[in-house]
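Here's the structure we're looking at; comments come further down.
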Protein chains: 2
Amino acid sequence: MAVTLREVAARAGVSRSAVSRTFTDGASVSEKTRKKVEKAAKELGYRPSLIARSLATNRTKLIGLIANNFQNPAFLEIFDLFTSELQRRGFRPLLVNLTNESDPEKSLVLLRQYNVDGVILATSTLPPSFASAFRQADIPIVHTFGKSDASTDVHVVGIDNLRCGEMAAQTLADRGYRSVAVLGGPKTATSTQDRLAGFSQRASELGLKIADIRFAANYTYAAGREAMSGLLTENRVEAVFCGDDLICIGAMDSARGDGLSIPADIGFLGFNDITIASWAAYDLTTIRQPIRDIILSSVELVVAIVDDPGRSAEVRLFPCSIVERSTLRPSRRE
Amino acid sequence: MAVTLREVAARAGVSRSAVSRTFTDGASVSEKTRKKVEKAAKELGYRPSLIARSLATNRTKLIGLIANNFQNPAFLEIFDLFTSELQRRGFRPLLVNLTNESDPEKSLVLLRQYNVDGVILATSTLPPSFASAFRQADIPIVHTFGKSDASTDVHVVGIDNLRCGEMAAQTLADRGYRSVAVLGGPKTATSTQDRLAGFSQRASELGLKIADIRFAANYTYAAGREAMSGLLTENRVEAVFCGDDLICIGAMDSARGDGLSIPADIGFLGFNDITIASWAAYDLTTIRQPIRDIILSSVELVVAIVDDPGRSAEVRLFPCSIVERSTLRPSRRE
DNA sequence: ACTCATATTGCAATCGGTTGCAGTTGTGAA
DNA sequence: TTCACAACTGCAACCGATTGCAATATGAGT
């Protein structure tokens, strides 16, 4: 068994409280006893049990991290940032994988049982109501990549998908495209819907024709490829705006498989700017989502609301930017 | 605050023990009280606190998952499998990201403080001694993708890297290659060393010349690309055996950037068979590591040794197989 | 040296469960 | 009806910490 408070206290010749206090900062202990305790603790190899501490303080330093997209490489970076940033702040991520989970609500029960201090919901494919269930259970939550919803009042960190959709339409129009297709992510994702709305809106303002609209079943290469091949057999378009780089890459391979060359025969505009987008084989022009800012901000926010749960819901939106590479023809202005 | 045992007991008109027992299986409770308790619990929305339970039972149902490779998409699949399999068995993963961590030993302290039931160390770039530190701290560990080491006596699940190296050499020789290069993963990784050893051994038996040996700094596209460009400027080889698909893809793009065509001018043999390897732009011939079997087996093993810590160290090695695609010229036998 | 405010200390209750033990209840066999 | 035995129940101690409170020690000011 591990060394406990009691043993350290005995060896240092002080009370258990004294030991406890030297290990919680801000507590009142004299320099003298602190030294004694630290010496004894070191000799014994003592580390406070976080479990016991959690029980006593009702704080676990655990943050639930819910994700349902373990196919998209974008999430690798996301996990990396989340875990290292949480770690840096002295929290641990308790990962919940909802990818193959039929009943997402179970995660609430689970995270509640572990008494996590807060939850980060990193997905755009679960509805705001899911996030708000946490809030109703009084567990601090931030919905990263989520959509703010006036009625649910949940903290959201992400991008302005509407504006990004507009940006995409503008970009395509600027390059002189007249007839394009949209190949979105999963139809029910709020991000998909908002981007499409923004895109349609601006497209109609600009006289850009949307010849076809498709949705990939999920954020995978295969789904992108599949959706694109359907699109190609039924419609001829000059360019396609994809809801995700991975989907876009699948779509590009599908087009190339049909003998089309990019961007001469068909243009592609991606979304996210994942690492792969910069690979030579694809060199994808895409709309960049500032993942790093979003994640760091999410972590900062969740930690902040742990300390101040009453805080009213905040929406933090970061700006996207276009990354010019070679899958669209050059702008007419150049 | 959450509902506690005490309240349920009061409402059901029984003792706290009775409530506790109806929620721990195998305990002795009459059908009658069980019903009463369940009714009360449901009405109150009671869920046992896992924190409190952990303190009392000294079991947390938490499994530490240590990884240091958040760049390689292979790990996305690995995380997916790990988390969902642990979840399925009623455990939770406590993720530790060692990617940018200078002092890996800290993870031991941390996981010990959380009193995790067991640890899965999923990396081939940390030495067996690191794994054995956990064993010495009496915390059950399995080293996935690790190397067994007689002196440290740690459970290992993975592949026989030596044999895989041999397989690679054999494959290249079979295709009639005479002079090849090896572009390994990080030099200090045990997997890299073993594959190289197996490769060299078999190569010399087969009269296959190893014209150059390089190591990518890490498992990334950029590192592969970088290492390959160095190789190309100094040596002319017919094919290269890469220590990882991602590295290989970087290398391929580097070669293509130099105007080489694959497999006409140069052949590539990858390792792992990640999803991307099957993408049309690469269509990589590679040696497949049965990731799924490895992960499921690791989880099964760690859970088993949680219940029986005395169990002596086991090494589970799964067979690899070659996946034929189009980056090597066809076998002479065909 | 004496007071009094302030800093430290230890006691004991508490967090929310589990579990060994002894006492109680219920059952079937005699 | 009685007895032995098994099944069930509740008591109370415990898991390893934190923390309010009262008691004690310290130190500054006079």
- Message: Is a donor from one side chain sitting under 3.5 angstrom from an acceptor on the other, for A:S191 and A:S124?
- Response: yes
- Item | Near-ring test B:F70/B:F79, centroid separation under 6.0 angstrom | yes
- Message: Quick check: B:Y219 with B:F75 (ring centres under 6.0 Å apart)?
- Response: no
Of all the nucleotides listed ([options]), which has the minimum atom distance to the side chain of [X]?
| X | options | result |
| --- | --- | --- |
| B:S30 | C:dT19, D:dC8, C:dG10 | D:dC8 |
| B:R21 | D:dG16, C:dG17, D:dT9 | D:dT9 |
| B:T57 | C:dG10, D:dC15, C:dT19 | C:dT19 |
| B:S17 | D:dT18, D:dC11, C:dG16 | D:dC11 |
| A:P48 | D:dT19, D:dA17, C:dC21 | D:dA17 |
| B:S20 | D:dG16, D:dG10, C:dT18 | C:dT18 |
| B:T24 | C:dG16, D:dA17, C:dT18 | C:dT18 |

- Query: With the threshold set at 4.0 Å, does a side-chain nitrogen-carboxylate oxygen contact exist between A:R89 and A:E85?
  - Reply: yes
- Task: Give one of base, sugar-phosphate or nothing for A:S28, where a contact means two heavy atoms less than 4.0 Å apart.
- Result: base
- Task: Check whether the side chain of B:R16 and the base of C:dG17 form a donor-acceptor pair under 3.5 Å.
- Result: yes
- Query: Starting at the 5' end of DNA chain D and moving along, which residue's nearest nucleotide shows up first, B:R34 or B:L55?
  - Reply: B:R34
